Protein chains: 2
Amino acid sequence: MNWDPAQFTVDKIIIADDHPMFRDALRQAMSSSHADCQIIEAESSESLRLQLREHHDADLLVLDLNMPGVEGFSALAYVQKKYPDLPIIMISANDKPETIMHAKHFGALGFVSKSASIQEIRRGVNTVLQGDTHFPYQFNEQLYQKLDDTLAETTRQVAELTPQQLKVLGMIKQGLLNKQIAYDLDISEATVKAHVTAIMRKLGVNNRTQAVMKVANIEIH
Amino acid sequence: MNWDPAQFTVDKIIIADDHPMFRDALRQAMSSSHADCQIIEAESSESLRLQLREHHDADLLVLDLNMPGVEGFSALAYVQKKYPDLPIIMISANDKPETIMHAKHFGALGFVSKSASIQEIRRGVNTVLQGDTHFPYQFNEQLYQKLDDTLAETTRQVAELTPQQLKVLGMIKQGLLNKQIAYDLDISEATVKAHVTAIMRKLGVNNRTQAVMKVANIEIH
DNA sequence: GGTCACATAAGACCAAAGTCTAATGGGTCA
DNA sequence: TGACCCATTAGACTTTGGTCTTATGTGACC
């Protein structure tokens, strides 16, 4: 590494991670290259919110993905919206390409896996501190963009269903027959069939089995 | 804590975790209470296998769940079978009750979440080193036993399918018609129907939609 | 040589799924 | 008052799904 830490000053870094051991390790790693840097710790999204209010002048936020109290990327989205100028680097044990892509799209300037070595993590942090972005080079965005697009499309399609159609779709997922659905909703089987046809048309599928697989992992509200 | 580390000697501990930072932190935590203890590190299931061959006399294995190269609990099952006398404590970022229960059932003597404080982790490790078991007290085994049972039952049922039936089930999941399946497998539709009937009988469902939902999140090999 | 599991298949039959057309009524919005 | 969306339904029709019975061939295992 031909990079010199003295080239720029770092006054304050916030580390948000619910694993005390990881926070400790990261603090040590950071203070060895930035001796006079103040390190703020947050162990939950709530404490992160409080710390940010006090330390909105920080140079960097190191954010863990799986913090309790936040569903997925909502913490990232929240911080990004409220403090647009605060650089964020995400650190996560989950380094699937989808995750990295999401981090990128939600405005993180960098991403490092927790599986990375201390040197790699430090390099990623320093790169972002210098104003650059830092993502694992192995991952092919185009490739996973498509996967993500299909999920997004499905979500859009489901959103186009009418309330009654959603109900019916939910019951199809339970393996109910049209007849049973009709009885439970107190409507005729003909109506159920009409709904099913409409559902399949909107989802772009040809039968209920395909419909079920398409929304298998989507919550029907 | 009214517990005295000098009460027993600890010569050798193996730490298996793919996060270098966590390994460092844990090593530090351990060496502070067991100064003369040798700490062996493994960063993958492969290196764990090698280290175990050399250090099968270790006093404890601290095992991370999400190591690359092992699907879920296979590493735990492997070690447990090959070295039945080696105490194992699991450490994981995923501390869902199901996970804890699995660890317990696969023979781990303890479980601590990575979200726990260093003191808690150290206490868990020491408890297991003393020959006791250590699991989070909050978790209600009976409650999650049931959830787990249904998943385990499904897995058992899928395991009873013949190779050809597995193929057919996989194609059903793709929403193919019996006719299409017959064409693709170059068999008659009657045969496909026979397979489908057998599949549904073994899975304990009444139609293909229910079958699909039942195995929606199971990989069909 | 006999048993067993598996894959294959035909034919008959009934139930369920899905399409199309046409029609009614309620609600909202301009 | 229309235009429009949504929910509802009937009737006729075709296709698909699923059961049951019966039957053949093959390879493994003892």
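Throughout, a chain's letter reflects where its sequence line sits, starting with A, and its residues are numbered from 1. It should be emphasised that the depicted structure is a prediction, and the values quoted were computed from it without experimental measurement.
If you measure from atom CG of L166(B) to atom C1' of dC6(C), you get 13 Å, rounded to the nearest angstrom. We find that CG of L161(B) is positioned 14 Å from C1' of dA5(C), with the value rounded to whole Å. Rounded to a whole Å, the CG atom of N207(A) is 10 Å from the C1' atom of dG18(C). Here dA7(C) presents its C1' atom at 12 Å from CG of L185(B), a figure rounded to the nearest Å. Summarising the geometry, the separation between CD on E189(A) and C1' on dA17(C) is reported as 9 Å, rounded to the nearest angstrom. Separating the CG atom of N178(B) from the C1' atom of dA10(C) is a distance of 16 Å, rounded to the nearest angstrom. Going from atom CG of L177(B) over to atom P of dA16(C) covers 19 Å, rounded to whole Å.
The main-chain N or O of A16(A) is never found under 3.5 Å from a side-chain atom of D64(A) such that the two would form a donor-acceptor pair. In this structure, the side chain of K214(B) engages the main chain of L203(B) through a donor-acceptor pair within 3.5 Å. No donor-acceptor pair closer than 3.5 Å links the side chain of D18(A) to the backbone N or O of S44(A).
With rounding to the nearest 0.5 Å, the separation of CD1 in I15(B) from CG in L63(B) is 11.5 Å. Once rounded to the nearest 0.5 Å, the distance linking CD1 of I121(B) with NE2 of H19(A) reads 8.5 Å. Rounding to the nearest 0.5 Å places NZ of K82(B) at 7.0 Å from CZ of R49(B).
On the nucleic acid side, DNA chain D contacts chain A at distances under 4.0 Å to non-hydrogen atoms, with the end points of that region at dC6(D) to dA10(D).
Position along DNA chain D of the nearest nucleotide to K202(A) versus S188(A) favours K202(A) as the more 5'-ward residue.
In this structure, H195(B) does not reach the dC6(C) phosphate: none of its side-chain N or O atoms is under 4.0 Å from OP1 or OP2.
Among the protein residues, T191(A) comes within range of the nucleic acid bases, having at least one heavy atom under 4.0 Å from a base atom.
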Distances for protein N/O vs nucleotides 19-29 of chain C N/O pairs under 3.5 angstrom?
| unit_1 | atom_1 | unit_2 | atom_2 | d |
| --- | --- | --- | --- | --- |
| dT19(C) | OP2 | T197(A) | OG1 | 2.9 |

